[in-house]
Amino acid sequence: MRMEQVEWAHPDAVALRASQRAEIAERYGTTDSEPGVAPSAADMVAFFVAYEDDGTAVGCGGLRHLGDGIGEVKRMYVVPARRGSGVALRILRGLESWAAERGWVGLRLETGDAQPDAVRFYTRSGYERIPNFGAYAGVESSWCFERPLQART
């Protein structure tokens, strides 16, 4: 497996994000379940796609800079057939490394109460639940997490 940083509009990134949004819509019963401004090419500072050795795109994730050395993980997704295989952890650790190399001190993320698998994954990956931040404040179905980063030199 390999990870590649790609443009937001890269066809594989677009396809993976569409699959992620379809799954979220099914879980929450609406296509409009995201509080606040949806991520876009204008505000995502990095986006990565994970590929199998044969070139098949199997997962993705991106980062939005929130300021003060804090980033937000957005659009984490792994195709169902590859869940539990370590792809998600490779993507997440890749995002953390990218952020740490730029001097960021922590990453935050939001998931929801209809995603217990995501909650387990982030908790096992060292993220701790925090009060909802930004657009997620006051949204009962949103669960926010954060992990401090170690600067890499």
Side-chain angles (χ1 to χ4, degrees), residues 1 3-52 55-96 98-99 104 106-149:
M1 192 182 85
M3 290 262 296
E4 286 186 25
Q5 187 172 354
V6 300
E7 295 294 322
W8 180 257
H10 187 283
D12 292 332
V14 170
L16 288 164
R17 288 194 311 270
S19 294
Q20 187 255 4
R21 296 313 300 160
E23 183 175 320
I24 296 298
E26 185 176 321
R27 286 187 187 215
Y28 290 93
T30 178
T31 58
D32 186 25
S33 64
E34 181 161 2
V37 178
S40 68
D43 71 352
M44 295 298 289
V45 297
F47 200 82
F48 293 85
V49 172
Y51 291 95
E52 294 283 12
T56 303
V58 294
C60 64
L63 291 171
R64 174 188 277 166
H65 190 233
L66 300 177
D68 296 325
I70 301 294
E72 181 181 7
V73 176
K74 297 296 292 180
R75 297 301 188 257
M76 274 285 297
Y77 179 74
V78 173
V79 297
R82 294 294 281 131
R83 292 181 186 164
S85 69
V87 172
L89 188 58
R90 282 202 56 192
I91 294 168
L92 186 61
R93 294 301 185 234
L95 295 172
E96 292 169 351
W98 188 96
W104 294 11
L107 290 181
R108 293 179 182 167
L109 60 90
E110 181 267 350
T111 189
D113 59 2
Q115 296 168 266
D117 46 345
V119 170
R120 273 191 312 276
F121 168 71
Y122 291 122
T123 301
R124 288 179 182 163
S125 300
Y127 286 74
E128 295 184 1
R129 188 144 182 217
I130 61 170
N132 289 2
F133 64 94
Y136 313 114
V139 180
E140 287 186 36
S141 62
S142 286
W143 292 18
C144 294
F145 294 82
E146 184 174 51
R147 180 171 189 226
L149 299 175

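Position 1 is the first residue of the sequence, and the numbers go up from there.
Electrostatic pairing of R108 and E146 counts as a salt bridge here, judged by a charged N lying under 4.0 Å from a carboxylate O. Between R17 and D12, no side-chain nitrogen of the basic residue sits less than 4.0 Å from a carboxylate oxygen of the acidic one, so the salt-bridge criterion is not met.
Within the model, atoms CD1 of I70 and CZ of R64 stand 15.0 Å from one another, a figure rounded to the nearest 0.5 Å. Interatomic distance, L95 CG to M76 CE, rounded to the nearest 0.5 Å: 6.5 Å. Taken to the nearest 0.5 Å, the CZ atom of R27 stands 11.0 Å off from the CG atom of D113. Note that the SG atom of C60 and the NZ atom of K74 stand 12.0 Å from one another [nearest 0.5 Å]. Put simply, CG on L109 and CG on L92 are 7.5 Å apart, with the number rounded to the nearest 0.5 Å.
Applying the ring pair (Phe, Tyr, Trp, His ring centres under 6.0 Å) test to pairs two or more places apart or on separate chains, those with a residue in residues 129-148 are F133-Y136. Residue pairs satisfying the side chain to side chain donor-acceptor pair (under 3.5 Å) criterion with at least one member in residues 119-133, sequence neighbours excluded, are listed as follows: E96-Y127.
No side-chain heavy atom of V49 sits under 4.5 Å from any side-chain heavy atom of M3. Between P131 and C144, every side-chain heavy-atom pair lies at or beyond the 4.5 Å cut-off. Counting only heavy atoms from C-beta outward, the side chains of I91 and R93 never approach each other to under 4.5 Å. Side-chain contact check for Y51 versus E4: some heavy-atom pair is nearer than 4.5 Å. With a 4.5 Å cut-off on side-chain heavy atoms, D117 and Q115 count as touching.
Heavy atoms of other residues, nucleotides or ligands lying less than 6.0 angstrom from CD of E7 number 12 at most.
The two residues R75 and P39 have their closest heavy-atom pair at NH2-CD, 3.5 Å. Closest approach of L16 to Y77, counting heavy atoms only: O-CD2, 3.6 Å. Across A135 and V139, no two heavy atoms sit closer than the pair O-CG2, 3.8 Å. Across all non-hydrogen atoms, the minimal contact from F48 to A46 is CE1-CB, 3.8 Å. The nearest pair of heavy atoms linking V6 to A13 is CG2-CB, 4.0 Å. When all heavy atoms of A99 and L149 are compared, the closest pair comes out as CB-CD1, 3.7 Å.
Side-chain polar atoms of E23 and Y28 form no donor-acceptor pair below 3.5 angstrom.
The ring-ring contact (aromatic ring centres under 6.0 Å, His included) search around F121 returns none, not counting sequence neighbours.
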